[in-house]
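Working notes for the structure below.
These numbers were taken from a predicted model, which means no experiment stands behind them. Residue numbering restarts at 1 for every chain, and letters A, B, ... go by the order of the sequence lines. These values consider heavy atoms only, across backbone and side chains, with no hydrogens, waters or symmetry-generated copies.
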2 protein chains.
Amino acid sequence: MVRRITIQDIANIAGVSKSTVSRAMNDNPVISKTTRNQIQQIIKEYNYHPNSSAKSIKTKQTMVIGIIIPSFDNPFFAKILDVIQNKATNKQYQLMIATTHEKGELELNAIRQMINQPVDGLIVVSTGKINDYHQLLNNTPVVFIDRIANQRENHEFDTILVDNINGSFNVVNQMIENGAERIGIIANSLFKKKSNRLIGYQKALQKNNVELDPDIILYCSRNGRDAISLASQLLINQACDGIFATDSNILKSVLKQIEVHQMDNVQVGAFDDNPYLSLLNLNVIANQQPSNAMGSKAFELLMDQIHNPQHDVQHIKLKTSLKHYH
Amino acid sequence: MVRRITIQDIANIAGVSKSTVSRAMNDNPVISKTTRNQIQQIIKEYNYHPNSSAKSIKTKQTMVIGIIIPSFDNPFFAKILDVIQNKATNKQYQLMIATTHEKGELELNAIRQMINQPVDGLIVVSTGKINDYHQLLNNTPVVFIDRIANQRENHEFDTILVDNINGSFNVVNQMIENGAERIGIIANSLFKKKSNRLIGYQKALQKNNVELDPDIILYCSRNGRDAISLASQLLINQACDGIFATDSNILKSVLKQIEVHQMDNVQVGAFDDNPYLSLLNLNVIANQQPSNAMGSKAFELLMDQIHNPQHDVQHIKLKTSLKHYH
DNA sequence: TTGAAAGCGCTAACAA
DNA sequence: TTGTTAGCGCTTTCAA
C-alpha cells in the first residue's frame with residue numbers, strides 16, 4: 001500500500017488540528033463556515049480521501065455488507081446481486097461478495113473472513129452444511145435468502161424464501177391440465193433430503209389423481225452434469241410426455257435432449273426463467289422467481305437489523321408466477 | 001457493530017501482553033511453544049477473530065481487491081468473476097465488487113470508495129468515461145480488462161484485451177465463406193467512436209471484395225432495447241442474408257427477429273458464446289471469448305503489481321475462437 | 001469555535 | 001521469550 005496523504009497532513013497544511021479537519025469533513029455543525037470552506041478547499045486540492053478502515057475502528061461501522069451466493073453464473077442470483085447492488089449504492093454501502101459452489105467449507109471460510117473484516121451485515125444463500133451459524137456469526141446481522149440456514153436455527157434468523165411448493169405445484173398442475181399424462185421429474189440431489197419442489201410435484205399429481213411412479217423421479221448430481229442422460233431416460237425408456245426440471249441447469253439438459261430426440265411435443269415445466277426460452281419454439285411452462293423482491297427485501301431487512309435495535313425476526317415467503325412459452 | 005472480543009481481552013484472560021497474543025496468532029517464531037498453545041487454546045475457546053480493519057491500518061494491506069464490471073447479468077463477466085474469485089480465495093483475498101451499468105458516475109464513485117477502503121488493488125472494466133485515472137487511482141495497483149482505460153493513459157496501466165478485430169474478422173469471413181452475400185451489422189453505440197468489432201467486420205468484407213453499405217451498419221442504444229427493430233430492418237427492408245451481432249444482448253434480439261420472421265436460413269455471427277445457442281437450431285457462428293484466461297491473467301498481473309516492486313506495465317491481447325451452431 | 005488528548009484494535013521496534 | 005511503548009489514521013470527549 002502506497003503511503004497516502006492523511007488527516008494529519010491536511011491539518012498541517014491548513015494550520016489547524018486533526019479534530020478540526022475531521023469536523024470539516026463530517027458535517028459537524030460546531031465549526032465556523034470559513035475554516036470549513038478553507039479546509040474543504042485544501043482537501044479537494046490535495047485529493048485527500050479518508051481511510052475507511054481507520055474510520056471504522058472508531059465508528060464501529062464499515063459501510064460494507066457481505067453477500068454469499070453459490071455462484072455467479074446463475075441468472076437468478078445475478079439478478080439478486082444487481083438489485084442489492086443498486087440499493088446498496090444509494091445508501092453508500094459497498095458489497096463484498098463470495099461464492100460457495102455449494103461447498104460448506106468455502107461458505108464457512110467466506111463468512112469468517114467477512115465477519116473479521118468486519119462487515120456490517122451479511123446476506124447469505126446457505127449451503128445447508130453449517131450447523132452453528134449462531135456461534136459463527138457472533139451477532140452479526142444476517143438475512144438468509146433462498147434457503148433456510150438450517151432446521152435447528154431457522155427461527156433465529158431473518159429468512160426470505162420462494163414458495164417452492166406452490167410454485168412447483170402450479171407448474172405441474174398446469175402441465176396436467178395441458179394434457180400431460182406421464183410427467184417425470186429431475187431434481188438436484190443437493191436437496192434430496194427435503195425438496196419442496198418435489199413436494200409440489202407430488203401434490204399436483206395427487207390432486208389430479210395421478211399415481212406416483214418412483215421410476216420417473218430422478219436425482220441428478222450436484223453439478224447437474226448427468227442430467228442429460230437422466231432426461232434421455234425419462235424421454236425414451238420411460239416414455240414420459242412431460243418433464244419437470246427443478247432448476248435452470250437441469251432445464252438446459254432436458255431441452256437439449258428433447259431437441260436431440262426431436263420430441264417437440266413433450267411438455268416441459270421449469271423453475272427459473274431464462275430469456276432464451278422465448279427463442280426456442282418449445283412448449284415450456286416456466287416458473288418465474290421473484291428475484292427482484294428477494295434482493296430488495298433482503299437488503300431492507302438487513303438495514304433494519306443494522307439500524308433498528310428492536311428489529312424482530314422475520315420469515316418471508318415470496319410467490320412465483322407462471323410464464324408460458326410455445 | 002456489536003462489541004466484540006479483542007486482542008486485549010485475550011491477553012487479559014491468558015495473563016500475557018497483547019504483543020504475545022499477536023505473536024501467537026501470526027506465526028511469529030519468537031515465542032515459546034507452550035504459551036503459543038495456551039493462547040491458541042483460549043482464542044479458540046472464546047471464538048476470537050482479529051479485526052482486519054485494525055490490522056490493515058498497521059500492515060498497510062487489506063487483503064481485499066476491488067472489481068468493477070458493467071453488470072452481473074452478462075455471462076462473460078460472470079465467468080470472469082468466477083475465475084477471479086477462485087484464485088482470490090486460494091490466496092486469502094476477499095472481493096469487493098461494484099457495477100457501473102456503463103455510467104461514468106457510478107464507476108467514479110465505486111473506484112473512489114474502494115480506494116478509500118482501501119483495497120490492495122483493482123480490476124476494472126472501464127466505462128470509457130473517466131479521463132484521469134492517474135489522479136483517481138492515486139498509485140493503487142490496477143489492471144484494466146476488456147477495454148482500455150482511455151487513449152491518453154493507456155500506456156500507464158496493465159491491460160488485458162480481447163482481440164476484437166481479428167475475432168470479428170474471423171466471424172464475418174467465415175459467414176462469407178459459408179455463402180452470405182449481404183451481411184449487416186448491429187453494434188452498440190457505446191463504442192461508436194471506435195469499435196474494433198466493426199473494424200474487423202469491415203476488414204472481412206474488404207478481403208472478400210464485398211463493398212461496404214452504410215445502410216446495413218446500424219447502432220443500437222446502450223441498453224440494446226432497440227436492437228429488435230434494427231434487426232427487423234436488416235432482415236426485411238435491407239434483405240440481409242447474414243447479420244453480425246456484436247454482443248450477446250444484440251444477438252438475442254437478432255435471433256428473436258429471425259424467429260419471428262421465420263428466416264431460418266439467415267446466417268448469424270456473434271461475439272460471446274451462450275449455452276442456449278446449442279438448443280436453437282439456427283445457423284450461428286459464435287466467437288468464444290477467452291474469459292478464463294482474462295480473469296486468471298488479470299488476477300496474476302494484479303498480484304505481481306502488488307508484490308513485485310519492479311513490475312513492468314503489460315498489455316496483453318487474447319485470442320478468441322470460433323464455434324459453429326446449426 | 002478550536003485544540004489537546006485519549007482511544008479504537010492491532011503490529012512491531014526496542015528493552016528487558 | 002516476553003512486555004513496554006509507540007504509532008497506524010481516524011473520531012470524540014473535554015477543556016480552553
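Between B/Tyr133 and B/Phe144, a ring centre-to-centre spacing shorter than 6.0 Å is recorded.
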- line: For nucleotides 8-16 of chain D, 5' to 3', base contacts (B), sugar-phosphate-only contacts (S) and non-contacts (-) with protein non-hydrogen atoms under 4.0 Å give BBBBBB---
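Between B/Thr35 and the phosphate of D/dT2, there is a side-chain N or O to OP1/OP2 separation shorter than 4.0 Å.
The two residues A/Gln40 and A/Ala24 make their nearest non-hydrogen contact at NE2-O, 3.2 Å.
Residues A/Val124 and A/Phe157 have side chains not in contact (no heavy-atom distance under 4.5 Å, counting atoms from C-beta outward). Residues A/Thr20 and A/Arg23 form a side-chain contact, since some pair of their non-hydrogen atoms from C-beta on lies under 4.5 Å apart.
An angle of 40°, rounded to 10°, separates the two end axes of the helix from C/dT1-D/dA16 to C/dA16-D/dT1, each defined over five pairs.
Here the P atom of nucleotide C/dT2 and the CD atom of A/Gln38 are 9 Å apart, to the nearest Å. As a whole-Å value, the separation of A/Gln117 CD from C/dC10 P is 13 Å.
Remark: the B/His101 side chain and the A/Asp82 side chain contain an N/O donor-acceptor pair separated by less than 3.5 Å.
Of the possible donor and acceptor atoms, one in the side chain of A/Arg36 sits under 3.5 Å from a partner among the backbone N and O of A/Asn28.
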Verdict with supporting geometry, A/Glu102 and A/Arg147, salt bridge (charged side-chain N to carboxylate O under 4.0 Å, His left out): CA-CA 12 Å; A/Glu102 306 297 359; A/Arg147 313 173 190 163; 2.8 Å; yes
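Taking the six-membered ring for Trp and thresholds of 30 and 60 degrees, B/Phe299 and B/Tyr93 have ring planes more than 60 degrees apart, a perpendicular arrangement.
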